[in-house]
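Take a look at the structure set out below.
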Amino acid sequence: MTELAFHNSATRQREIFTPLDPQHVRLYVCGPTVYDLAHLGNARPVVVFDVLARLLRRRFPRVTYVRNITDVDDKINARSQESGEPIAAITARTTADFHRDMAALGCLPPDEEPRATDNIAQMIQLIERLIANGHAYAAEGHVLFSVSSFPGYGALSGRSPDEMLAGARVEIAPYKREAGDFVLWKPSSDDLPGWDSPWGRGRPGWHIECSAMSWRYLGTDFDIHGGGHDLIFPHHENEVAQSVCAFPGSRFARTWLHNGMLLVDGEKMSKSLGNFLTVRDILGRGAWAGEAFRLLLLKTHYRAALDYTVERLEEAKAELDDFYALLARDLPQPEADDALVAEMAEWALEPLADDLNTPLAIARLRDLRTLENVATVGGSATTVLHRIGRDWQPDSGQAAAALRQAAALLGLLGGDARAWRQGGEGDSAAIEAAIQARLDARKAKNWAEADRIRADLLAQGIVLEDGAGGTTWRRA
């Protein structure tokens, strides 16, 4: 197998991936703050790192994928005050919504999904270590990280001190020693969530939450930390500072992966622009929309900016239609240990080893579709075989089996092919009855009636396809 290599945001270069423990790869990804429905930008890292986790599980004996839930945050508090809904109800409802929406995009759950509120004790321990190590100080019920105490601050983001001050949107407060110092712990009034601590009743800052949860579930050093590009500063920069200063000698995450921004119609999502879309908005377009949106995301390299448009979603749906049309055929099923099937599937997945190149992997799925079409209905595969440098001559069913195997790692084409083609509103029993009536009319050589039934179904958006195995139908 080709060695895995990723673009490490920390070193700004492509590196061969060498896990700390080849028997156990550890991955941490920043999860949602649960106060509202997930928007399209929230979904992109979930899909990207779902594919990464699947790839790592294919390569290594054990993988622990941790993605947190932020359920204590000022945004949640504000939403509760605005709506009157209790905080616990908001976080429970929106967490369930998040799980439902991500499952609809074909994402598997992480191995661990810690909640911030279940890890307050670990956060307090980290803060105490930072104070003891001279990297944090208490002031007026707050505890703050002293940025100047850590010479490596800014290395991950590559920002100058002035840029970091501007990017952090720092709060001007008299209890700060320096303007760039950030909050680890802050006091809570009686109407806000709070926990007892050595510094009084209060709640954690956002950044310390991920440091504590990654430490608890993955240790002081682990392999990969992922998240959106917008989190590099200040969130991930602050995570590094907290974690390596709490545990001298630690390097925290060895490899950093960041996905690019998602735009809508060429612009950053904004409620004021009217282009703010949630995953639920996409899913409302039909049963096909979750898988189509996943394919749309994966057709762009994860580090590049991605522009969502309705047209691109419909293009992804049309491409899935073509894949499922092939898989809906009555094809022979190869033996489970078919060497050629395994070789073709591995070839299709090979681009993922090169910094998770999903666009090229999807292009190779198209080549497998071409090879299956040639094997099934005839024609020439010379162009495809010349391009890929292989002399494969698969029998009918082999390329389709390889297609399914490879697509499964991408979280695609796992549905029932016939159900996909017949998806939509309508009475399938009535459609089947009409098809039988047409067959009866053809047996009776009543061609006019058979044609009338076909035309009537077509007017309803139902396309009939006659083949050796009988008549099947799909929605136009």
Side-chain angles (χ1 to χ4, degrees), residues 29-51 67-110 113 115-116 206 226-231 235 259-300 302 305-317 320 411-412 423-425:
V29 176
C30 292
T33 299
V34 285
Y35 70 100
D36 207 345
L37 290 171
H39 58 67
L40 301 194
N42 299 142
R44 191 178 189 192
V46 179
V47 171
V48 166
F49 294 108
D50 177 63
V51 173
R67 187 184 67 218
N68 73 294
I69 294 285
T70 296
D71 59 350
V72 52
D73 185 86
D74 288 346
K75 292 179 181 177
I76 301 172
N77 300 338
R79 181 57 53 89
S80 177
Q81 291 171 350
E82 292 168 3
S83 66
E85 186 179 7
I87 286 173
I90 291 173
T91 58
R93 172 175 53 77
T94 53
T95 298
D97 286 337
F98 175 78
H99 288 156
R100 189 178 305 112
D101 290 350
M102 296 308 110
L105 300 184
C107 297
L108 302 174
E113 192 176 49
R115 296 168 184 254
W206 174 34
H229 186 271
D230 58 315
L231 296 181
H235 185 52
N259 64 272
M261 179 182 293
L262 185 144
L263 307 173
V264 173
D265 295 323
E267 297 185 279
K268 186 175 180 180
M269 272 197 301
S270 167
K271 291 182 179 178
S272 63
L273 292 175
N275 68 346
F276 186 89
L277 293 172
T278 67
V279 174
R280 194 66 56 86
D281 292 327
I282 299 298
L283 298 177
R285 298 181 65 87
W288 52 269
E291 188 170 357
F293 183 60
R294 183 184 182 95
L295 176 59
L296 181 155
L297 293 177
L298 297 180
K299 287 171 71 173
T300 296
Y302 80 93
L306 185 155
D307 187 14
Y308 167 85
T309 66
V310 171
E311 292 76 18
R312 288 179 178 173
L313 182 66
E314 291 173 346
E315 287 170 5
K317 195 264 186 186
L320 289 171
L412 298 169
E425 301 298 326

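Computed from a predicted model, the values in this text were never measured in an experiment. Note: hydrogens, waters and symmetry copies are ignored here, and every other heavy atom, side chains too, is used.
For A38 against F98, the heavy-atom pair with the smallest separation is CB-CD1, 4.2 Å. The shortest heavy-atom contact between G226 and F49 is CA-CZ, 3.6 Å. Contact record, N275 with E267: ND2-O, 3.6 Å, taken as the closest heavy-atom pair. Across all their heavy atoms, Y308 and L313 have their closest contact at OH-CD2, 3.6 Å. When every heavy atom of C30 is checked against every heavy atom of L231, the shortest pair comes out as CB-CD1, 3.8 Å. The two atoms that bring I76 and V72 nearest to each other are CD1-N, 3.9 Å, heavy atoms only.
Not counting sequence neighbours, the partners of R93 by the side chain to side chain donor-acceptor pair (under 3.5 Å) test are E85.
The shortest side-chain heavy-atom distance between W288 and L320 does not fall under the 4.5 Å cut-off. Under the 4.5 Å side-chain criterion, counting only non-hydrogen atoms from C-beta, V34 is not in contact with R115. A heavy-atom distance below 4.5 Å is not found between the side chains of L37 and V279. T91 is not listed as a side-chain neighbour of I69, based on a closest heavy-atom distance of 4.5 Å or more. Put simply, the side chain of D50 does not reach to within 4.5 Å of the side chain of M102, judged on heavy atoms. Contact annotation: the side chain of K75 never approaches that of D36 to less than 4.5 Å [non-hydrogen atoms, C-beta and beyond].
Atom-to-atom distance recorded for I282:CD1 and L40:CG is 5.0 Å, nearest 0.5 angstrom. Atom CD of E82 is separated from atom OH of Y35 by 10.0 Å, given to the nearest 0.5 angstrom. Between the CG atom of D101 and the CZ atom of R280 there is a distance of 4.0 Å, given to the nearest 0.5 Å. Note: N77 CG to I90 CD1 = 9.0 Å, rounded to the nearest 0.5 Å. Taken to the nearest 0.5 Å, the CG atom of L306 stands 12.0 Å off from the CE atom of M261.
The pair E314-K317 fails the salt-bridge criterion, with no side-chain N (NZ, NE, NH1 or NH2) lying under 4.0 Å from an Asp/Glu carboxylate O.
Note: W206 and H235 have parallel aromatic rings, judged against thresholds of 30 and 60 degrees for the angle between ring planes.
Judged purely by atom type and a 3.5 angstrom limit, D307 uses its side chain to pair as donor or acceptor with the backbone of D265. Judged by distance alone, the side chain of D71 and the main-chain N or O of A116 form a donor-acceptor pair under 3.5 Å. A distance-only check finds a donor-acceptor pair linking the side chain of R294 to the backbone of L105 [under 3.5 Å]. Under the 3.5 Å distance criterion, the side-chain polar atoms of R44 are left unmatched by any main-chain donor or acceptor of L297. Within the 3.5 Å criterion, the main-chain N or O of Y302 finds no donor-acceptor partner in the side chain of N259.
No side-chain N or O of D97 forms a donor-acceptor pair with one of T94 less than 3.5 Å apart.
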Exercise for review: Before giving the answer on side-chain contact (heavy atoms from CB on, under 4.5 Å), spell out for R67 and V46 the whole-Å C-alpha distance, their side-chain angles and the decisive distance to 0.1 Å.
Suggested key: CA-CA 9 Å; R67 187 184 67 218; V46 179; 3.6 Å; yes
**Study point:** Derivation and outcome, salt bridge (charged side-chain N to carboxylate O under 4.0 Å, His left out), residues R312 and E315
**Key:** CA-CA 5 Å; R312 288 179 178 173; E315 287 170 5; 5.5 Å; no
